[in-house]
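Take a look at the structure below.
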Amino acid sequence: MQWWRDAVVYQIYVRSFSDADGDGIGDLDGIRSRLGYLELLGVDVLRLTPFYTSPMADHGYDVADPRDVDPVFGDLVTFDALVADAHKHGLRVTIDLVPNHTSSEHEWFRAALASTPGSPERARFHFRPGRGAGGMKPPNNWTSAFGGPAWTRVRDSTDGPGEWYLHLFTREQPDLNWTNPEVWADMEKTLRFWLDRGVDGFRIDVADGMSKPEDLPDMVAHDGPDPRFDHDGVHDVHRMIRAVVDHYPDAMVMGELGVRDGERFALYLRNDELHLGCRAVLADAPFAAERIREIVQQSLAAVSSVDATPTWAYSGHDLSRPVTRYGGGAGGVARARALALVMCALPGAVCLYNGDELGLPDVDLPDELLQDPLWSRCGRTERGRDAYRVPLPWEGGPPGYGFTSGAPWLPMPAEYGLASVAEQLEDTESTLSLFRRAIELRRAHGGVTDTTLEWFGAPEGCLAFRRSGSTLVCALNTSDVPVPLPPGDILLASGPLLDGDLLPPDTAAWLA
Ligand code: GLC
């Protein structure tokens, strides 16, 4: 059964979802206590961000032990209980794997630091001598995604300057060497470890990373090919992952792919690699019908060449929240709601990020409270991703808004109280109610697993389409003037419609 083909995936940023033990940080027991809510929302599968043992230099994407739970989030017993309870609620559970790098606190990296150049311990990572006089310069010109060089120099055994190691992210996230058989064997062990505990699949972090060109060539002009990502060797890694996963009926692998080119992107979705590939293309779309239509067409064309299914996302823990991206305030909320209806009407899988179903905006946090390494590493020029990682409001009242009985790890603004789950469950016009109804109708109207669309003629700044095999038509108005709705019975609208069946600006509607 290819359940993932039309799944609604709900991303839980574990740290910010729900805190059961009162330390201000979300945890696995917190998620367990909210499974009823997730069932009510109607999503099919949860995707948990990393909860493994970690010093939290990148909030868990720096993994010190991929086969254990960090005490801040719980333990393996809690994890097992969470999976069992989720299954009882009809929810599948997928977890985030981070194969491109480890934490600098991983026992392998500590052993690498304690050993010498050319040792088997260092061969699990990318250690190289520096360039120039005294090896003072990094081995190549690669930059880290968080700013500065992608190389850090270590001390040698006499405490003098030694080799350099590669890290595409923070220096606490050394890149693994995927030409090393031990790295492969360890990944296989990790996959089986979690699959045997009952998980329904994985999200692969930086799924276009891992493999590096052998000679580690310099990066050329910034618009040229990027040797750091999407190197051909990565497909062998995905084939290995898939071969293991295929031993478990129904398990699914989804990858985070930064690959822009449609043909290169499709290679990852060949039938022995990833089931789903996620690149948040809708997040790049301005609120303009023509552009949205173009992006949708391109994405459908890319996946159809390999007979795969598309995956849609308009947000995530690395992206500004849709409400804010579309201008904030009432207009931002209206546009985010409209785009949500477009996304849920498309064929394929849909990824929601926790809090978007509440229409939460980004939070403007004071400098001194920012925690994302991006902020400190790039010399405080980029504010980082904390603004869209603020904990979820479950109830109206401060200070913890039902998220925690303690102090939330990032402060929650008063406006989050007004947007709480409790408030929105009571309100039939709320964004939460819109999402619940959309998820329900999406399924009821069929055609979700088909990957073709029929476009209808629409006025300038508008679009209208129907999934092949579905009875549901979606119309969107991104123009400044109200437009007539296509014929049909109105099933759902992202905002109030005008008399005479007019679709106002910043609004989408579903018709049967
Ligand atoms: C991915 C994650 C991001 C993390 C990075 C390094 O892009 O989504 O949050 O910082 O990988 O692991």
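All ligand and atom numbering here is 1-based and tracks the order in the structure. As a basis for the values below, the full set of heavy atoms in this structure was taken, side chains included, without hydrogen atoms, waters or symmetry mates.
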Taking the non-hydrogen atoms of R203, is any one of them nearer than 4.0 angstrom to ligand 1? yes
Mark yes or no for whether W394, through its side chain, and T404, through its backbone, hold a donor-acceptor pair below 3.5 Å. no
Heavy-atom contacts with H317 under 4.0 Å: which atoms of ligand 1 show up? List them by number with element. 2 (C), 3 (C), 8 (O), 9 (O)
If you take the centroid of each ring, where Trp contributes its six-membered ring, are Y268 and H235 closer together than 6.0 Å? yes
protein heavy-atom neighbour closest to atom 5 (C) of ligand 1 works out as F169 CE2, 3.8 Å
Begin with the C-alpha distance, continue with both residues' side-chain angles, and end with the deciding distance and a verdict on salt bridge (charged side-chain N to carboxylate O under 4.0 Å, His left out) for R15 and D70. CA-CA 11 Å; R15 209 178 166 78; D70 194 279; over 6 Å; no
Can you list every pair that meets salt bridge (charged side-chain N to carboxylate O under 4.0 Å, His left out) and has a residue in residues 97-108, with sequence neighbours left out? E105-R110
Please evaluate residues T431 and R337 with respect to the criterion side-chain hydrogen bond (donor to acceptor under 3.5 Å, both in side chains), reporting the C-alpha separation (whole Å), side-chain torsions for both, the decisive distance (0.1 Å), and the verdict. CA-CA 7 Å; T431 299; R337 286 171 61 118; 3.2 Å; yes
For Q173, take its heavy atoms, then give the atoms of ligand 1 lying under 4.0 Å from any of them. 6 (C), 12 (O)
Which atoms of ligand 1 are found less than 4.0 Å from any heavy atom of R385? 3 (C), 4 (C), 9 (O), 10 (O)
Given side chain to side chain contact (heavy atoms under 4.5 Å, CB included), test M254 with W4 step by step and report yes or no. CA-CA 9 Å; M254 165 166 118; W4 37 269; over 6 Å; no
Counting from 1 in the order shown, the ligand 1 atoms closer than 4.0 Å to a non-hydrogen atom of H101 are 6 (C), 12 (O)
Considering only heavy atoms, does R389 approach ligand 1 within less than 4.0 Å through its side chain, its backbone, both, or neither? side chain
Can you find a side-chain donor-acceptor pair between T49 and D96 that sits under 3.5 Å? no
Identify the residue among R260, R291, R325 that makes a salt bridge (charged side-chain N to carboxylate O under 4.0 Å, His left out) with D284. R260
Identify the residue among Y248, F202, Y52 that makes a ring pair (Phe, Tyr, Trp, His ring centres under 6.0 Å) with W194. Y52
So for H59, does at least one of its heavy atoms come nearer than 4.0 angstrom to any atom of ligand 1? no
If you scan protein heavy atoms around atom 7 (O) of ligand 1, the nearest is E256 OE2, 3.0 Å
Atom 4 (C) of ligand 1: closest protein heavy atom, distance to 0.1 Å, is D58 OD2, 3.3 Å
Where is the nearest protein heavy atom to atom 1 (C) of ligand 1: which residue, which atom, and how far? D205 OD1, 2.7 Å
Run the numbers for me: atoms of ligand 1, each under 4.0 Å from some heavy atom of F146, listed by number. 10 (O)
Heavy-atom proximity to atom 3 (C) of ligand 1, picking from V63, D62, D318, points to D318
